[in-house]
Amino acid sequence: MPSPFVSASNLRKTYGDFTALDGVSLTMDRGEVVAVIGASGSGKSTLLRCINYLDPPDSGEVRVDGVRIGFGEGARRDRVLPERDIRRQRAEIGMVFQHFNLFPHFTVLQNLIEAPMAVRGLSRAEATERARDLLNRVGLSGREGAFPAELSGGQQQRVAIARALCMKPRLMLFDEPTSALDPELVGEVIAVMRSLAEEGMTMLVVTHEMDFAAQTASRVAFFDAGKIVETGAPAQVLRNPQHPRTQAFLQRILRSH
Ligand SMILES: Nc1ncnc2c1ncn2[C@@H]1O[C@H](COP(=O)(O)OP(=O)(O)OP(=O)(O)O)[C@@H](O)[C@H]1O
């Protein structure tokens, strides 16, 4: 059996007495899109932050394409890499946040080119060419000189996606990427995510957009109290959930629509 492209094994994360991740394991094949759904506070964001070591797990391990994130390859289990090296590994994993997190005093172009130059060693000309291609791909050609505050939320989120792609990541993590948007702007961000999925990007998406989960995800994982309690094909989990917690969650969502 070939090893999975992404594997998170037995991740645990506590904050004081509170257990945010209670032994979470998840594997993804290359090109898979996994939607993570679940109630607020169940630990979905924590899972993403532990996968890319923005917030290191207390235990467990993460591998992307065989490389163990956060640790030197072949090193003792307990030898966590210096932050500089984790940053380099983390560059393999793109992250898109709910609140875009663009640098407000940088133009769109500056937001895109800084990390590829600093972390990937691209020249300004190379980074700029890559950035222009990606802005074109997310439908924002010509907005290179704009500042984030001059853009709509949907445009800012598309810049944030282009910025993550500028690092040529192997895996993309999305943390409720449309939750902060006005409803009429959700579609333009979902469209960019769909096209990324169609191009074969491996994506782990925390979302409340059930249409995205149903139509674009290859798999849905339902999260409850720090655990994945149910995972399967979207049609199976969303239409015929087996776990009582999944059933209760989906009923709540149906009622609120
Ligand atoms: N840095 C932290 N310090 C203390 N507690 C934290 C920290 N980060 C998260 N938590 C707690 O861990 C729990 C899980 O949080 P998390 O943000 O992962 O949930 P979530 O499922 O993503 O929720 P939401 O949908 O509201 O974003 C929450 O109860 C939260 O208060």
Side-chain angles (χ1 to χ4, degrees), residues 6-26 28 33-62 69-70 80 83 86-87 90 93-102 153 156-157 160-161 164 171-183 185-186 189-190 193 203-214 216-217 219-232 234 237-238 241 243-257:
V6 178
S7 76
S9 318
N10 209 14
L11 297 179
R12 285 186 60 79
K13 180 74 187 178
T14 52
Y15 297 109
D17 291 342
F18 180 76
T19 302
L21 294 184
D22 191 7
V24 175
S25 297
L26 176 78
M28 296 172 71
V33 178
V34 175
V36 179
I37 62 171
S40 184
S42 57
K44 307 178 301 295
S45 300
T46 305
L47 173 65
L48 297 192
R49 290 198 311 274
C50 282
I51 284 181
N52 69 1
Y53 266 67
L54 268 181
D55 196 2
D58 299 341
S59 60
E61 68 170 42
V62 177
I69 305 297
V80 178
E83 179 59 26
I86 292 182
R87 214 175 299 136
R90 198 183 289 139
I93 306 175
M95 179 128 174
V96 174
F97 301 88
Q98 187 175 345
H99 293 287
F100 329 134
N101 296 17
L102 299 174
Q156 289 187 58
Q157 193 59 302
I161 294 172
L171 165 68
M172 284 282 285
L173 308 176
F174 292 84
D175 193 0
E176 298 189 26
T178 58
S179 296
L181 299 177
D182 292 337
L185 302 179
V186 168
V189 171
I190 294 282
M193 291 170 66
M203 295 163 57
L204 184 59
V205 184
V206 171
T207 186
H208 294 297
E209 288 295 320
M210 292 301 143
D211 286 348
F212 176 84
T216 307
R219 208 146 39 92
V220 173
F222 176 72
F223 223 86
D224 183 66
K227 285 193 165 113
I228 293 176
V229 297
E230 182 163 358
T231 175
V237 175
L238 299 177
H243 197 284
R245 302 290 298 182
T246 324
Q247 291 165 355
F249 174 78
L250 291 171
Q251 265 163 20
R252 265 204 314 279
I253 288 203
L254 267 180
R255 272 202 301 273
S256 68
H257 276 67

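Both counts, for ligands and for their atoms, begin at 1 and track the order of listing.
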Original post:
Thinking salt bridges, do Lys227 and Asp22 make one under a 4.0 Å N-O criterion?
Top reply: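 Yes, charged N to carboxylate O under 4.0 Å.
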Original post:
Excluding sequence neighbours, so at least two apart, what forms side-chain contact (heavy atoms from CB on, under 4.5 Å) with Val237?
Top reply: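 Residues passing side-chain contact (heavy atoms from CB on, under 4.5 Å) with Val237: Val220, Glu230, Thr246.
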Tabulate distances under 3.5 Å between N/O atoms of ligand 1 and N/O atoms of the protein, writing both atom names on each line.
from	atom 1	to	atom 2	distance (Å)
ligand 1	8 (N)	Arg49	NH2	3.3
ligand 1	18 (O)	Ser45	N	3.4
ligand 1	18 (O)	Thr46	N	2.8
ligand 1	18 (O)	Thr46	OG1	2.5
ligand 1	19 (O)	Gly43	N	3.2
ligand 1	21 (O)	Gly41	N	3.4
ligand 1	21 (O)	Ser42	N	3.1
ligand 1	21 (O)	Ser42	OG	3.4
ligand 1	21 (O)	Gly43	N	2.9
ligand 1	21 (O)	Lys44	N	3.0
ligand 1	21 (O)	Lys44	NZ	2.8
ligand 1	22 (O)	Ser45	N	2.8
ligand 1	22 (O)	Ser45	OG	2.8
ligand 1	23 (O)	Gly41	N	2.7
ligand 1	25 (O)	Lys44	NZ	3.1
ligand 1	25 (O)	Glu176	OE2	2.9
ligand 1	26 (O)	Ser40	OG	2.6

Original post:
Does Met193 reach the side chain of Thr216, with side-chain heavy atoms less than 4.5 Å apart?
Top reply: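 No - every pair of side-chain heavy atoms lies 4.5 Å or more apart.
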Original post:
Is the closest side-chain heavy-atom distance between Val36 and Leu204 below 4.5 Å?
Top reply: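 A side-chain contact exists here, since the closest heavy-atom pair is under 4.5 Å.
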Subject >> Enclosure of Arg12 CZ (heavy-atom neighbours >12, cutoff 6.0 Å) >> reply: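 It does: Arg12 CZ has more than 12 such atoms within range.
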**OP:** Examine distances only and state if a side-chain atom of Ser9 and a backbone atom of Ser25 form a donor-acceptor pair shorter than 3.5 Å.
**Re:**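 No; judged by distance alone, with no hydrogens or angles, the pair does not exist.
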